[in-house]
A.B. asks: 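If you scroll down you'll find the structure; I have some questions about it.
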Number of protein chains: 2
Amino acid sequence: MTTRSTPDTSRRSERSRKAILQAARDLVAETGYAKLTIEAIAARAKVGKQTIYRWWPSKGAVLLDSVLALSQADQDQDITLPDTGDIETDLKALMRATAAEFAAPAFAAPLRALTIEITADPRLADDYHKRVAAPMEEAKKQRLRSAQRAGQLAADADLDLILDMLYAPLAQHWMLHSGPLASDYTDRLVDAVLRAFSPRT
Amino acid sequence: MTTRSTPDTSRRSERSRKAILQAARDLVAETGYAKLTIEAIAARAKVGKQTIYRWWPSKGAVLLDSVLALSQADQDQDITLPDTGDIETDLKALMRATAAEFAAPAFAAPLRALTIEITADPRLADDYHKRVAAPMEEAKKQRLRSAQRAGQLAADADLDLILDMLYAPLAQHWMLHSGPLASDYTDRLVDAVLRAFSPRT
DNA sequence: TATGCGAACCGAGACGGTTCGTCTTGACAA
DNA sequence: TTGTCAAGACGAACCGTCTCGGTTCGCATA
């Protein structure tokens, strides 16, 4: 009886792996989520379907790896955010950069497709948080802690709540096409959040 | 040449319409989004497939009507939110009620399915905002304006931004399974937002 | 060192099963 | 008489599995 659950990683074709992730990103950016099928990815990557099914459990898992490869080209490296010493400046720059990513099809299209899969699949959501969201949030919290030490945020401020209040409204606008992604919006968002969590005077 | 784009509304079967919306809601709550197919809805509603395709352009459009029928059983009536005179009390109650809806499968499952369709289809997103989100947001803004008049919010507070900062973090947690929906979370959210938009002293 | 062998990968695509969206049929109602 | 209705046949697309040779790798034997 052969166990089919664990293919031999050491013999995996790196060329095929990269071609599949690249094909998934290109296809979703060019033709949209609706036309992103396993068959289309395989054809585009010049790869047999079985090669995809062997290494990924679902289309969403392929997308997760695609987005991961896109967001940290430099791998296994801890993310560090700019620190000018002024939290308002840094957060506004960070939020503007995030909005710019949402506006760039090459980045936004795969991320939107992944978000759809995540919404429908809680297990994929777990993987996403562990491998993509958590490292990014940790970097942001580092920057917020630095601001706390500098007396620019209340000492007892809830950093997770701050990140939610900053990121969620922008992400919501982008995902549901429900509002602007412009920098004056993100600036006002940062202003409001800093007002809520400024040190007591 | 017969124009197929405008079927005769006056001859539409009300029984079939209701059965289809009900079947969509029941199916998605029982078996999940992945198994929600047009064929399954038709079978469940004891309806021909063509009856669905005749009246709705997509599965997402059916879901939109399903959710709409669910959220305003009393139709075409302007929504009015409770007003105890204290904005903090009212907002905390509103947010707890919203979190409770997210936790109830009969309501949450169709809404989650609709959200997925909306994320993939900007035109459906437009319809959703016009027919579902906008009326609810207008009711919330009425309550916020009343709080402004009572001096509980800054006179120049951005009401749209307030609603974003309240709703988006909660919705994000629910959609992406990324955090708690508990009432102590929504309470802290309300506290933070009110801190940011309290009147200048 | 060179040769041979088995295992697991690879691309390609056949296969049966679902679902899609369209089309046809005959019944029924305005 | 006309248009909607339930039912379901139809071809196309995609699913996930399986099969087929071809290739690559590790290991054993000479």
Side-chain angles (χ1 to χ4, degrees), chain A residues 1-24 26-28 30-65 113 116-117 120-121 123-124, chain B residues 1-24 26-28 30-65 113 116-117 120-121 123-124:
Chain A
M1 189 187 288
T2 51
T3 306
R4 278 265 154 263
S5 57
T6 44
D8 187 343
T9 310
S10 69
R11 304 191 61 172
R12 181 172 191 179
S13 163
E14 182 66 11
R15 187 218 143 263
S16 295
R17 196 191 125 266
K18 284 182 179 169
I20 289 164
L21 299 182
Q22 184 72 50
D26 292 350
L27 266 179
V28 77
E30 287 170 20
T31 64
Y33 174 72
K35 290 186 179 174
L36 185 75
T37 66
I38 300 277
E39 299 215 331
I41 295 173
R44 173 83 164 225
K46 304 274 188 184
V47 143
K49 285 165 62 178
Q50 190 61 41
T51 303
I52 299 182
Y53 285 108
R54 185 179 297 118
W55 300 108
W56 289 277
S58 67
K59 192 166 66 180
V62 176
L63 279 168
L64 176 52
D65 281 359
I116 290 172
E117 299 285 337
D121 182 355
R123 286 190 307 175
L124 187 64
Chain B
M1 187 188 289
T2 51
T3 306
R4 279 266 154 262
S5 57
T6 45
D8 187 342
T9 311
S10 69
R11 305 187 63 170
R12 180 173 192 178
S13 162
E14 182 65 11
R15 187 218 143 264
S16 294
R17 196 190 125 266
K18 284 182 179 168
I20 288 163
L21 300 183
Q22 184 72 51
D26 291 350
L27 265 179
V28 78
E30 288 170 19
T31 64
Y33 174 73
K35 289 185 179 174
L36 184 75
T37 67
I38 300 276
E39 300 216 330
I41 295 173
R44 172 84 164 225
K46 304 273 188 185
V47 142
K49 284 165 61 177
Q50 190 61 40
T51 302
I52 299 182
Y53 284 109
R54 185 179 296 118
W55 299 108
W56 288 275
S58 67
K59 191 166 67 179
V62 176
L63 279 168
L64 177 53
D65 281 359
I116 290 173
E117 299 285 336
D121 182 354
R123 285 191 307 174
L124 188 64

A.B. asks: Quick one: on DNA chain D, does B:S16 or A:P57 contact a more 5' nucleotide (nearest heavy atom)?
C.D. replies: B:S16
A.B. asks: Is the phosphate of D:dG3 approached by B:W55 (side-chain N or O, under 4.0 Å from OP1 or OP2)?
C.D. replies: no
A.B. asks: Distances under 3.5 Å only, N/O to N/O: pair up the protein atoms with those of nucleotides 28-30 of chain C.
C.D. replies:
from	atom 1	to	atom 2	distance (Å)
C:dA29	N3	B:R11	NH2	3.3

A.B. asks: In whole angstrom, give the distance that lies between atom CH2 of A:W56 and atom P of D:dG16.
C.D. replies: 15 Å
A.B. asks: If you define the side chain from C-beta out and look only at heavy atoms, does anything of B:T51 sit under 4.5 Å from B:W56?
C.D. replies: no
A.B. asks: CD1 of A:I52 versus C1' of C:dA12: gap in Å, rounded?
C.D. replies: 13 Å
A.B. asks: Would you say A:R12 reaches D:dT24's phosphate, i.e. side-chain N/O to OP1/OP2 under 4.0 Å?
C.D. replies: no
A.B. asks: Measure CG/B:D8 against C1'/D:dC5 and give the value in whole Å, please.
C.D. replies: 13 Å
A.B. asks: Tell me: CZ of B:R54 to C1' of C:dG21, nearest whole Å?
C.D. replies: 14 Å
A.B. asks: In a table with atom names and distances, give each donor-acceptor pair under 3.5 Å that connects a side chain of residues 39-47 of chain B to protein atoms at least two apart or in another chain.
C.D. replies:
from	atom 1	to	atom 2	distance (Å)
B:E39	OE2	B:K49	NZ	2.7
B:R44	NH1	B:E30	OE1	3.2
B:R44	NH2	B:E30	OE1	3.4
B:R44	NH2	B:E30	OE2	2.8

A.B. asks: Quick one: is C:dC9 close enough that its OP1 or OP2 comes under 4.0 Å of any side-chain N or O from A:S13?
C.D. replies: no
A.B. asks: Under 4.0 Å: is that the gap between some side-chain N or O of A:R15 and OP1 or OP2 of C:dG11?
C.D. replies: yes
A.B. asks: How would you list, by chain and number, every residue that makes a side chain to side chain donor-acceptor pair (under 3.5 Å) with A:T37, sequence neighbours excluded?
C.D. replies: none
A.B. asks: Can you name the closest pair of heavy atoms from A:K59 and A:L36 and give their distance?
C.D. replies: NZ-O, 3.0 Å
A.B. asks: Nearest-Å distance, CZ (B:R17) to C1' (D:dC5)?
C.D. replies: 16 Å
A.B. asks: Less than 4.5 Å apart, any side-chain heavy atom of A:R11 and any of A:D8?
C.D. replies: yes
A.B. asks: Per the end-axis method with five pairs at each terminus, what is the bend angle of the helix from C:dT1-D:dA30 to C:dA30-D:dT1, to 10°?
C.D. replies: 10°
A.B. asks: Which residues pass the salt bridge (charged side-chain N to carboxylate O under 4.0 Å, His left out) test with A:D121, sequence neighbours left out?
C.D. replies: none
A.B. asks: Let me have a per-nucleotide readout for nucleotides 8-15 of chain D, 5' to 3', with B, S or -, counting only protein heavy atoms under 4.0 Å.
C.D. replies: ------SB
A.B. asks: Surrounding CZ of B:R123 (heavy atoms of other residues, nucleotides or ligands, distance under 6.0 Å), is the total greater than 12?
C.D. replies: no
A.B. asks: If I take atom NZ in residue A:K46 and atom C1' in nucleotide C:dC9, what distance separates them, rounded to the nearest angstrom?
C.D. replies: 20 Å
